[in-house]
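So the structure is just underneath, and the comments pick up after that.
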Amino acid sequence: MKKILIVFLKAIGIILGLVIVYVVLGFLIPFISVSAKDDGERKEIPIYIYTNGVHTDIVMPVKNEWQDWSAKVPFSNTRSKRTDYRYIGIGWGDKGFYLDTPTWADLKFSTAFKAAFWMSESAMHCTYYDTMKEGDDCKIIMISKSQYQKLVQFVENKFDRDKNGNFILIPTNAVYGDNDAFYDANGSYNFLYTCNTWANDALKAAGQKAALWTPSDFGIFQHYK
């Protein structure tokens with residue numbers, strides 16, 4: 001019995017040690033920055049990074065000469081079905097987190113455990129907006145045509161598609177409001193690659209400043225103060 005207790009305590013110690021290391025690295029590594037790349041083109045397209053305190057979204061114009069998001073993420077898939085929104089926010093993450101955890105207060109142990117250890121599916125959360133207002137939770141970034149096209153390609157590549165190449169809507173009542181919808185996504189969420197890691201990588205793909213790696217929205221936004 002004593003040996004079993006010792007083994008159990010050692011296992012708990014190892015787990016706690018790993019958690020502490022993860023938290024420390026998750027706080028420190030984001031301070032290592034990746035610099036923006038100037039491609040020499042005019043920075044004419046506004047995009048935003050927006051966080052609800054849990055998930056970071058990349059917000060883009062609904063439609064311009066290079067991309068029409070409404071053709072791939074139909075307005076009709078939202079409750080409002082309005083067609084006059086000006087911006088769309090897109091984020092990638094664990095399906096359980098998105099559908100069951102709109103805020104940290106809603107987090108369940110089972111959801112967190114499955115998400116942390118590659119045990120659940122992922123989803124894209126698409127939210128339409130009328131306007132964007134800068135603040136601590138929302139920052140504007142002006143990018144070039146070429147940078148925007150790279151960003152669009154990065155985001156599109158994360159959507160799962162049906163046999164006809166269309167994004168796959170997730171039928172659910174667990175939307176956050178009248179202006180959003182969920183879609184199936186590629187890849188597995190885990191404690192090393194979170195929704196915020198994906199958003200951070202989206203900025204890198206677009207040649208924008210970002211953290212070397214971050215599991216949190218803090219790691220992104222502290223480079224845009």
Side-chain angles (χ1 to χ4, degrees), residues 30 45-64 67-70 72-75 77-80 82 85-104 106 115 122-143 147-148 150-160 167 169-170 172 174-187 189 193-206 208-211 214-225:
I45 303 173
I47 66 167
Y48 298 81
I49 47 173
Y50 171 73
T51 177
N52 65 355
V54 179
H55 310 285
T56 299
D57 284 356
I58 302 296
V59 183
M60 298 163 283
V62 169
K63 184 178 181 179
N64 56 28
Q67 174 75 339
D68 181 2
W69 284 107
S70 65
K72 300 179 179 183
V73 182
F75 295 120
N77 286 340
T78 66
R79 285 177 177 171
S80 73
R82 282 176 45 196
Y85 291 112
R86 297 176 57 202
Y87 299 96
I88 183 172
I90 300 178
W92 172 88
D94 177 77
K95 185 181 288 188
F97 260 112
Y98 269 140
L99 300 183
D100 303 326
T101 315
T103 69
W104 286 118
D106 300 302
S122 59
M124 306 298 290
H125 184 216
C126 302
T127 309
Y128 282 109
Y129 298 100
D130 292 313
T131 60
M132 299 303 298
K133 183 178 180 180
E134 281 199 275
D136 292 339
D137 61 348
C138 183
K139 302 294 181 181
I140 189 172
I141 307 169
M142 299 301 296
I143 65 176
Q147 291 170 337
Y148 183 66
K150 291 177 181 177
L151 176 63
V152 167
Q153 189 62 55
F154 179 89
V155 174
E156 281 199 6
N157 285 344
K158 209 62 177 177
F159 281 87
D160 196 6
F167 297 164
L169 177 69
I170 299 174
T172 178
V175 291
Y176 296 179
D178 293 334
N179 56 332
D180 66 318
F182 291 96
Y183 294 80
D184 282 329
N186 295 311
Y189 182 104
Y193 199 82
T194 71
C195 54
N196 299 300
T197 311
W198 176 84
N200 188 66
D201 284 354
L203 293 173
K204 292 180 186 178
Q208 304 307 302
K209 60 183 177 180
T214 180
S216 68
D217 56 352
F218 161 80
I220 299 173
F221 280 81
Q222 56 113 3
H223 295 286
Y224 287 89
K225 291 181 179 179

Quick one: does [X]'s side chain get under 4.5 Å of [Y]'s, heavy atoms only?
X: Trp69; Y: Val155; result: yes
X: Tyr148; Y: Asn64; result: yes
X: Lys158; Y: Trp198; result: yes
X: Cys126; Y: Ile88; result: yes
X: Lys225; Y: Lys139; result: no
X: Thr214; Y: Phe218; result: no
X: Met124; Y: Ile90; result: yes
X: Lys95; Y: Phe182; result: no

Intermediate values then yes/no, side chain to side chain contact (heavy atoms under 4.5 Å, CB included), Asn52 and Asp137:
CA-CA 7 Å; Asn52 65 355; Asp137 61 348; over 6 Å; no
Are the aromatic ring centres of Tyr176 and His125 under 6.0 angstrom apart?
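Yes: the rings meet the under 6.0 Å criterion.
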Between Tyr128 and Phe75, is the ring centre distance below 6.0 Å?
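Between Phe75 and Tyr128, which both carry aromatic rings, the centre distance is below 6.0 Å.
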What's the verdict on salt bridge (Lys or Arg N to Asp or Glu O under 4.0 Å) for Asp178 and Arg82, showing C-alpha distance, side-chain angles and the deciding distance?
CA-CA 9 Å; Asp178 293 334; Arg82 282 176 45 196; over 6 Å; no
Provide the closest heavy-atom pair for [X] versus [Y] in the form atom of the first, atom of the second, distance.
X: Gly187; Y: Ser122; result: O-OG, 2.7 Å
X: Asp94; Y: Tyr189; result: N-CD1, 3.3 Å
X: Ala202; Y: Leu151; result: O-CD1, 3.6 Å
X: Ala199; Y: Ile58; result: O-CD1, 3.9 Å
X: Cys195; Y: Gly93; result: CB-CA, 4.1 Å
X: Gly219; Y: Ala211; result: O-CB, 3.5 Å

Could you check whether any side-chain N or O of [X] sits under 3.5 Å from a backbone N or O of [Y], counting only pairs where one atom can act as donor and the other as acceptor?
X: Asp180; Y: Gly177; result: yes
X: Asn196; Y: Thr56; result: yes
X: Thr194; Y: Pro215; result: yes
X: Gln208; Y: Asn200; result: no
X: Trp92; Y: Asn186; result: yes

To the nearest 0.5 Å, what is the distance between CD on Gln153 and NZ on Lys150?
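The NZ atom of Lys150 is 11.5 Å from CD of Gln153, to the nearest 0.5 Å.
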Check the pair Asn179 / Asp130 against side chain to side chain contact (heavy atoms under 4.5 Å, CB included), numbers first and verdict last.
CA-CA 10 Å; Asn179 56 332; Asp130 292 313; over 6 Å; no
Passing candidate, side-chain contact (heavy atoms from CB on, under 4.5 Å) with Ile47, options Val59, Ile140, Ile143:
Ile143
Does one side chain, of [X] or [Y], offer a donor that lies under 3.5 Å from an acceptor on the other?
X: Tyr193; Y: Asp201; result: yes
X: Thr51; Y: Asp217; result: yes
X: Tyr85; Y: Ser80; result: yes

Lys209, NZ: over 12 other non-hydrogen atoms inside 6.0 angstrom
yes
Has Asp136 got more than 12 heavy atoms of other residues, nucleotides or ligands less than 6.0 Å from its CG?
no
List the residues meeting side chain to side chain donor-acceptor pair (under 3.5 Å) with Tyr129, not counting sequence neighbours, and say none if there are none.
none
Mind checking whether Phe167 and Tyr183 have parallel, tilted or perpendicular rings, split at 30° and 60°?
perpendicular
Side chain to side chain contact (heavy atoms under 4.5 Å, CB included) between Met132 and Cys138, worked out
CA-CA 8 Å; Met132 299 303 298; Cys138 183; 3.7 Å; yes
Would Arg86 and Lys63 count as a side chain to side chain contact (heavy atoms under 4.5 Å, CB included) if you check the C-alpha gap in whole Å, the side-chain angles of each, and the deciding distance to 0.1 Å?
CA-CA 8 Å; Arg86 297 176 57 202; Lys63 184 178 181 179; over 6 Å; no
